[in-house]
Amino acid sequence: MSRERVPHLVVVGGGFAGLWATRALARERIRITLVDRRNHHLFQPLLYPVATAGLSAPDIAAPLRHILGHQRNVEVRLGEVHAGLRQPAAGHRRHPRLLRQRPMGR
């Protein structure tokens with residue numbers, strides 16, 4: 001995929017909405033960057049069974065790069081997006097500021 005000619009979408013958060021949106025675009029001609037502050041997706045409704053030893057922790061958490069590993073148009077990045085907006089340069093729209101970013105291996 002040529003990066004210059006393909007639209008680029010940044011999805012902030014690897015929760016249910018972020019994962020479903022990213023997976024829904026699997027066959028589209030788009031470049032996706034998923035940014036999350038954790039490297040795993042946690043299925044929170046099952047935290048209680050883990051706390052009571054009914055399930056083990058790996059049963060309810062999976063690495064994002066594993067969940068999306070088959071999807072060629074996605075790059076998973078570990079980082080945070082600050083809620084504040086910085087001042088835009090002349091003629092540019094305001095945009096969120098990425099505070100910290102580290103590449104995740106596939």
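Since this is a predicted model, take the numbers as computed values, not measurements. The analysis underlying the following values was restricted to heavy atoms, covering all of them including side chains, and did not include hydrogens, waters or symmetry mates.
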*Rounded to the nearest 0.5 Å, what separation is found between the CD atom of Glu80 and the CG atom of Asp36?*
9.5 Å

*Only one of Val10, Val11, Leu9 clears side chain to side chain contact (heavy atoms under 4.5 Å, CB included) with Leu34; which?*
Val11

*Scan for side-chain hydrogen bond (donor to acceptor under 3.5 Å, both in side chains) pairs involving residues 10-19, sequence neighbours excluded, and state none if there are none.*
none

*State, with a plain yes or no, whether a side-chain heavy atom of Ile32 is found less than 4.5 Å away from one of Gln71.*
yes

*Smallest separation among heavy atoms of Asn39 and Arg65, with atom names*: ND2-NH1, 4.0 Å

_Between CD on residue Glu75 and OG1 on residue Thr33, distance to nearest 0.5 Å_ = 5.0 Å

*Shortest non-hydrogen contact from Arg31 toward Val6*: N-CG1, 3.4 Å

*Residues in side chain to side chain donor-acceptor pair (under 3.5 Å) contact with Thr22, at least two apart in sequence or another chain*: none

*Backbone N or O of Ile30 within a donor-acceptor pair of the Asn73 side chain at under 3.5 Å?*
yes

*Contacts of Ile67 that satisfy side-chain contact (heavy atoms from CB on, under 4.5 Å) - sequence neighbours left out*: Leu19, His41, Ala62

Report all side-chain donor-acceptor pairs from residues 45-55 shorter than 3.5 Å, counting only partners two or more places apart or in another chain.
unit_1, atom_1, unit_2, atom_2, d
Thr52, OG1, Tyr48, O, 3.1
Thr52, OG1, Pro49, O, 3.3

_Nearest 0.5 angstrom please: Arg23 CZ to Arg27 CZ, how far?_
12.0 Å

*asked:* Within the structure provided, determine whether Val76 and Leu68 are in side-chain contact (heavy-atom separation under 4.5 Å).
replied: yes

